[in-house]
Amino acid sequence: MSSTEPPRDPRNPYASQPYPPPGQPPGQPGPYAQYPPYPAQQPTNGKAIGSLVTGIVSLVVPFVGIVTGPIAVVLGVKARGEIRQSGQRGDGMAIAGLVTGILGCIGYAIFLVLLIVGLAIGD
């Protein structure tokens, strides 16, 4: 083989790569500066995820919202406190869980009031 390699064809991605410049060991970075690694992201708070899921369930699944609505509110409040202290991600999920949990509680409270009034008037 010759010591110099012909230029690489840009239309053929499987062509062999050119040799590194003289004096540079193979596999070493080139003369350009390398980008710094991305900083590690904080994990998402588990209680925020739980709050969002139980809040959505309180709105979607009939008669389960009586239980899951208050759970979503409690988890959302605790998650927001933990997120403020630890800097974890998930504040938006915690807020969404709070809102859906509160809406679920209000909806079922209205349903129960209407049910009680309906039963009282019907007799």
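Summarising the geometry, atom CE belonging to M93 is positioned 7.0 Å from atom CG belonging to L52; distances are rounded to the nearest 0.5 Å. The CZ atom of F111 sits 10.0 Å away from the CD1 atom of I116 when rounded to the nearest 0.5 Å. Annotation: the span from I49 atom CD1 to R89 atom CZ amounts to 9.5 Å, rounded to 0.5 Å. Between I56 atom CD1 and L103 atom CG the span is 12.0 Å, to the nearest 0.5 Å. Rounding to the nearest 0.5 Å places OG of S51 at 12.0 Å from NZ of K78. In this structure, L115 CG and L119 CG are separated by 4.5 Å, a value rounded to the nearest 0.5 Å.
I110 and I66 fall into different hydrophobic clusters, where Ile, Leu, Val, Met, Phe, Trp and Tyr are joined by side-chain heavy atoms under 4.5 Å apart, directly or via other members. Residues V73 and V61 are members of separate hydrophobic clusters, defined by side-chain heavy-atom contacts under 4.5 angstrom among Ile, Leu, Val, Met, Phe, Trp and Tyr. Cluster membership check: L75 does not share its hydrophobic cluster with V53, using side-chain heavy-atom separations under 4.5 Å among Ile, Leu, Val, Met, Phe, Trp and Tyr.
Considering all non-hydrogen atoms of both residues, A48 and G90 come closest at CB-O, 3.3 Å. Heavy-atom minimum distance, P70 versus G65: CD-O, 3.9 Å. In terms of heavy atoms, G104 sits closest to L59 at N-CD2, 3.6 Å. Contact detail for I83 and A94: the closest heavy-atom pair is CD1-CB, 4.5 Å.
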